[in-house]
Amino acid sequence: MSMPAPPMGLLAELTHRCPLQCPYCSNPLELERAAGELDTATWLRVLDEAADLGVLQVHFSGGEPTARRDLPELVRRAAQRQLYSNLITSGVLLDERILAGLVEAGLDHVQLSFQDVETANAERIGGMAGAQAKKLAAAALIQRSGLPLTLNFVIHRQNVENLPAMIALGAELGAQRIEVAHVQYYGWGLVNRDALLPSRAQLDASTAEVEAARLRFKGRMVIDYVVPDYYAERPKACMGGWGRRFINITPAGKALPCHAAETLPGLVFPSVRDESLAAIWQRAPIFERYRGTDWMVEPCRSCERREIDWGGCRCQALALTGDAANADPACALSPHHGAMLTAIAEAAADTSSGFVYRRIGAAAKAEA
Ligand code: SF4
Ligand code: FES
């Protein structure tokens, strides 16, 4: 049996603790409490094992990763092992002292998220009063530190009209890169889909805006753009293909092929507490389950795009068709593509703007 190539990136979800409560958070519906988090020594071992395995980048994420006091120690180890380190942060806990410690430890890059440019709407979406001023202060600190800065805007029907102002803010704050990402509808995003899914017209307008801005800022600022699957003809290669490019470690130490994999039933998720990262990546059944193309059913099995998009997203196939091995229903060739059209119609009929906020126990209560 040939060994899979090493993952390019490790997503280190250090904690699910976060002062914000965004209704599209990529964390699972069941959030981990602080008492269940990996300790520093285990994270340091995981970073060593990642470097030994051939991982190139570590994304320190959460929740809010700066809620972990040992973050500088973890960043330092990543730097010592030549792992490119990226901090994915909301910025609301960042101050001069914390940032200086991270710079000194060798941090390479910061990705700072904003919920909107309008303060009242941003703070309503994130569920935290006072957050916007803290984020703007964090952006200024990062810019002064000389670290490369990416601004992340998650867009949806309740903020998409402000996209031009978001891009202008990115330029004003000196960002090298902006990521404009439509909400992905798994986990909390799926719970809140009817309140978030944009119309086709909103999606088309945002795509045109991004294309025009790319021309305006050519050579000065890069703009990445992630579209929602719901209006697609073909799916994205979710995570670059299952078990091909990324490995996620949850706050409790579970190793997952994607952030939503725990929604897949009947699978055992290995833990870095018990096994090495290499053993998990190379041999754990969960990573083997949908790696490559052998697991595919029709229409993917005989499709010419099967090694381009790898059948799309397993978690979306499960959520919308009941079977993770089906073609992602985002694909127009899928017999389940109608599920997308139904969801679009349902979201269009729903005029509410209320959210189920990301909180321990909130999703269960909403579904009850
Ligand atoms: Fe991708 Fe499967 Fe659709 Fe082909 S049939 S484009 S492999 S999802
Ligand atoms: Fe799990 Fe796409 S989110 S495979």
Side-chain angles (χ1 to χ4, degrees), residues 4 7-11 13 16 22 24-30 59 61 88 154 181-193 196-197 226-250 254-270 280-281 284-341 343 358 363:
M8 181 182 76
L10 171 90
L11 185 69
E13 287 182 357
H16 283 160
C22 304
Y24 44 72
C25 179
S26 64
N27 288 160
L29 300 183
E30 293 223 10
H59 304 275
S61 170
I88 300 176
V154 175
H182 278 272
V183 169
Q184 302 298 300
Y185 295 96
Y186 326 119
W188 293 95
L190 189 58
V191 169
N192 286 295
R193 185 178 62 192
L196 294 168
L197 192 67
V226 181
V227 294
D229 284 331
Y230 280 66
Y231 297 97
E233 287 290 302
R234 297 288 181 270
K236 292 190 284 292
C238 194
M239 304 303 287
W242 184 273
R244 282 178 56 78
R245 309 196 68 186
F246 293 99
I247 184 165
N248 285 23
I249 309 298
T250 71
K254 284 189 220 164
L256 309 177
C258 70
H259 47 260
E262 284 179 279
T263 57
L264 273 55
L267 297 174
V268 177
F269 300 101
I280 291 170
W281 178 256
I286 172 74
F287 281 85
E288 289 290 304
R289 183 73 186 85
Y290 302 108
R291 187 178 261 149
T293 56
D294 288 351
W295 56 273
M296 286 180 174
V297 296
E298 293 296 349
C300 298
R301 179 175 278 277
S302 57
C303 178
E304 61 186 17
R305 284 181 56 88
R306 66 185 179 277
E307 292 192 9
I308 297 172
D309 63 36
W310 306 97
C313 176
R314 307 283 49 82
C315 302
Q316 186 150 271
L318 174 79
L320 300 190
T321 79
D323 185 349
N326 280 332
D328 186 334
C331 180
L333 301 174
S334 160
H336 300 280
H337 189 55
M340 290 291 183
L341 308 179
R358 169 210 189 272

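Counting starts at 1 for both ligands and their atoms, following the listed order.
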Asks: Could you please give the number of protein N/O/S atoms within less than 2.8 Å of atom 1 (Fe) of ligand 2?
Replies: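 Total protein N/O/S atoms under 2.8 Å from atom 1 (Fe) of ligand 2: 2.
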Asks: If the condition is side-chain hydrogen bond (donor to acceptor under 3.5 Å, both in side chains), which residues does Arg291 pass it with, not counting sequence neighbours?
Replies: Glu288
Asks: More than 12 heavy atoms of other residues, nucleotides or ligands under 6.0 Å from CZ of Arg306: yes or no?
Replies: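 Yes.
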Asks: Hey, what's the ring geometry for His59 with Phe246, parallel, tilted or perpendicular (30° and 60° as the breaks)?
Replies: tilted
Asks: What I'd like to find out is whether the side chain of Tyr24 reaches to under 4.5 Å of the side chain of Asn192, using heavy atoms alone.
Replies: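 Tyr24 vs Asn192: side chains apart.
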Asks: Taking the side chain as every heavy atom from C-beta outward, state whether Cys22 and Arg358 have any atom pair closer than 4.5 Å.
Replies: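 No - every pair of side-chain heavy atoms lies 4.5 Å or more apart.
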Asks: For residues 231-239, run the donor-acceptor check on the side chains, cut-off 3.5 Å, and write out each pair with its distance to 0.1 Å, sequence neighbours left out.
Replies:
unit_1: Tyr231; atom_1: OH; unit_2: Pro198; atom_2: O; d: 2.5
unit_1: Tyr231; atom_1: OH; unit_2: Arg200; atom_2: N; d: 3.4
unit_1: Lys236; atom_1: NZ; unit_2: Gln184; atom_2: OE1; d: 3.0
unit_1: Lys236; atom_1: NZ; unit_2: Val227; atom_2: O; d: 3.1
unit_1: Lys236; atom_1: NZ; unit_2: Asp229; atom_2: OD1; d: 2.9

Asks: Around atom 1 (Fe) of ligand 1, how many protein N, O or S atoms are there at under 2.8 Å?
Replies: 2
Asks: If you define the side chain from C-beta out and look only at heavy atoms, does anything of Tyr186 sit under 4.5 Å from Cys313?
Replies: yes
Asks: Any side-chain heavy atom of Leu11 within less than 4.5 Å of one from Leu256?
Replies: no
Asks: Check whether any side-chain heavy atom of Val297 sits under 4.5 Å from a side-chain heavy atom of Asn326, and report yes or no.
Replies: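 Yes - at least one pair of side-chain heavy atoms lies under 4.5 Å apart.
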